[in-house]
Each structure stands twice: as C-alpha cells, then as structure tokens.
Amino acid sequence: MESLHYLLMKAHTLMNRQIVGGAAALGLSSGQPKVLEYLLMYGESNQKTIADYCEIEQATVGSILLRMEENGLILREKKAGNRRSLYVTLTEKGRKAAEEMELVFRESEEHVGGGLSEEERLQLRQLLDRLCESAGQRERRREA
C-alpha cells in the first residue's frame, strides 16, 4: 500500500480535477468554489474569516473576492461602526452559482467515493477531520 501522503495527494488530485472542471463549466476560477460554499453555509462574513476557513492567505482571498465582485457573485460592504472590515455576502447570482457548485461537489464525492458504503464514507470523513485538526494544532504551535 502507498504512503499516507501519497494517497491523500492522489485522492485530492482525482477529486479536484472533477471539481475544477465543473467550476470552469460554470465560469468559475479556482478558489471561487470554496468561497461560494463557505458563504452558502455560513452567510455573511469578513475576508479574514473566509481566508481562515478556506486555508488561503488573506491577500489571495482578496483577489478572489475582487473577481467574484466584478462578476456579480458577491457584494462587499462596510458595516456601521467597523471601518476596517468589509463584509461579504452572496448576490442572487452568487447563490445560484454556489448551489450549482454544491451539485458538482456531490457528484465528485459520489464518483470518487462510489465504492464506499455510507458507513465507510462517514468513517473516512471523521478520520480526515481528525487529521486536519491535528495538523492545524501543530501549525498553530509552530506559529506561536
């Protein structure tokens, strides 16, 4: 059996190909689908929170958001009393794109995980969640 890092990388690559293809068919660039997914799940948010959730640098999220704003997918607005942060919300066009991307995500999960039972899928998600949590803790300790 291959190493864990290789299997994780390979699974990511196989799934990502489908997701990127589906996103491109919707006129979305890389980075935009996960931002759309976040905003659909959590609603209005600021750029820092989006960057943290998506594991992307704030400057990168800024350029992604600029393109999304130019394409009418999001609105960025300041809130009264907070002049430093812009708050991001989906437009109707953005909501529709996010819902279409959710279908792409589900189809990709079905394709890649088609040979797994529901119980195995749940177990895989739980294990991956633990891996991410562990890696995040190590990274936070290194930054401190």
Side-chain angles (χ1 to χ4, degrees), residues 1-71 73-79 82-91 93-144:
M1 180 178 277
E2 297 288 346
S3 65
L4 177 61
H5 78 271
Y6 176 80
L7 291 171
L8 287 170
M9 187 175 52
K10 186 174 182 177
H12 169 77
T13 299
L14 293 169
M15 184 174 239
N16 199 48
R17 278 187 197 142
Q18 292 189 339
I19 291 170
V20 168
L26 296 173
L28 301 172
S29 64
S30 65
Q32 292 180 351
K34 57 184 153 186
V35 172
L36 288 171
E37 181 181 42
Y38 174 82
L39 291 170
L40 186 64
M41 287 186 337
Y42 296 105
E44 180 181 76
S45 188
N46 63 41
Q47 184 171 316
K48 180 183 180 342
T49 303
I50 294 169
D52 289 346
Y53 180 85
C54 295
E55 300 287 338
I56 304 173
E57 295 294 322
Q58 277 195 57
T60 304
V61 170
S63 64
I64 291 169
L65 292 175
L66 179 61
R67 284 191 310 273
M68 292 175 76
E69 189 173 34
E70 289 169 349
N71 291 328
L73 299 171
I74 62 160
L75 291 174
R76 293 193 289 179
E77 301 175 311
K78 291 182 179 177
K79 288 207 171 202
N82 186 347
R83 296 185 302 164
R84 295 180 66 198
S85 294
L86 289 174
Y87 286 83
V88 182
T89 56
L90 288 173
T91 62
K93 180 180 177 182
R95 179 170 299 286
K96 184 175 185 284
E99 289 168 352
E100 290 174 2
M101 265 318 298
E102 286 300 307
L103 293 173
V104 171
F105 291 142
R106 275 198 297 272
E107 288 170 4
S108 179
E109 286 180 18
E110 284 296 318
H111 178 77
V112 173
L116 300 175
S117 69
E118 284 302 315
E119 183 179 322
E120 289 170 325
R121 286 182 193 201
L122 176 60
Q123 184 179 23
L124 178 59
R125 287 179 60 202
Q126 290 169 335
L127 290 170
L128 289 171
D129 190 49
R130 285 174 49 196
L131 279 175
C132 291
E133 182 60 33
S134 176
Q137 287 175 357
R138 287 186 90 152
E139 198 169 292
R140 286 189 291 277
R141 281 196 299 265
R142 219 176 319 148
E143 292 172 354

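Here the closest heavy-atom approach between residue Ile64 and residue Gly31 is recorded as CD1-CA, 3.8 Å. Looking at every heavy atom in both residues, Leu65 comes nearest to Arg76 through CB-NH1, 3.8 Å. Summarising the geometry of Pro33 relative to Met101, their closest heavy-atom pair is CB-CE, 3.6 Å, with the distance given to 0.1 Å. Nearest heavy atom pair, residue Val104 against residue Gly22, reads CG1-CA, 4.0 Å. Minimum heavy-atom separation, Leu40 to Glu102: CD2-CG, 3.7 Å. The two residues Leu73 and Ala97 come nearest to each other via the heavy atoms CD2-CB, 4.0 Å.
By the 4.5 Å heavy-atom criterion applied to side chains, Gln47 and Leu86 are not counted as neighbours.
Note that the CD1 atom of Ile74 and the OG atom of Ser45 stand 11.0 Å from one another [nearest 0.5 Å]. With values rounded to the nearest 0.5 angstrom, Leu116 atom CG is found 11.5 Å from Leu122 atom CG. Atoms CG and NZ, from Leu26 and Lys96 in turn, are 8.5 Å apart once rounded to the nearest 0.5 Å. How far CE of Met68 is from CG of Leu90: 7.0 Å, rounded to the nearest 0.5 Å. From Cys54, atom SG reaches atom OH of Tyr38 across 8.0 Å, with rounding to the nearest 0.5 Å. Here the NZ-CG distance, from Lys10 to Leu8, works out to 12.5 Å after rounding to the nearest 0.5 Å.
Ser63 places a side-chain N or O within donor-acceptor distance of the main-chain N or O of Thr60, the cut-off being under 3.5 Å. Using modelled atom types, one side-chain atom of Asn71 and one backbone atom of Arg67 make a donor-acceptor pair closer than 3.5 Å. Remark: side-chain polar atoms of Asn46 are paired, donor with acceptor, to backbone N or O of Lys48 under 3.5 angstrom. In this structure, Thr13 contributes its side chain and Met9 its backbone to a donor-acceptor pair below 3.5 Å. Arg121 places a side-chain N or O within 3.5 Å of a backbone atom of Gly113 that can act as its donor or acceptor partner.
Crowding of Gln123 atom CD: a count of heavy atoms from other residues, nucleotides or ligands under 6.0 Å not exceeding 12.
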List the steps, then state whether side chain to side chain contact (heavy atoms under 4.5 Å, CB included) holds for His111 with Leu14. CA-CA 10 Å; His111 178 77; Leu14 293 169; over 6 Å; no
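Under the 30°/60° scheme for interplanar angles, the aromatic rings of Tyr42 and Tyr53 are found to stand perpendicular.
Under 4.0 Å is where a charged nitrogen must lie from a carboxylate oxygen, and between Glu110 and Arg106 no such pair does. Remark: Arg125 does not engage Asp129 in a salt bridge, criterion side-chain N to carboxylate O under 4.0 Å.
Of the candidates Glu107, Met15, Arg17, Val112 forms a side chain to side chain contact (heavy atoms under 4.5 Å, CB included) with just one, namely Met15. Evaluated for a side chain to side chain contact (heavy atoms under 4.5 Å, CB included) with Val88, the options Val35, Ile50, Thr49 yield exactly one hit, Ile50.
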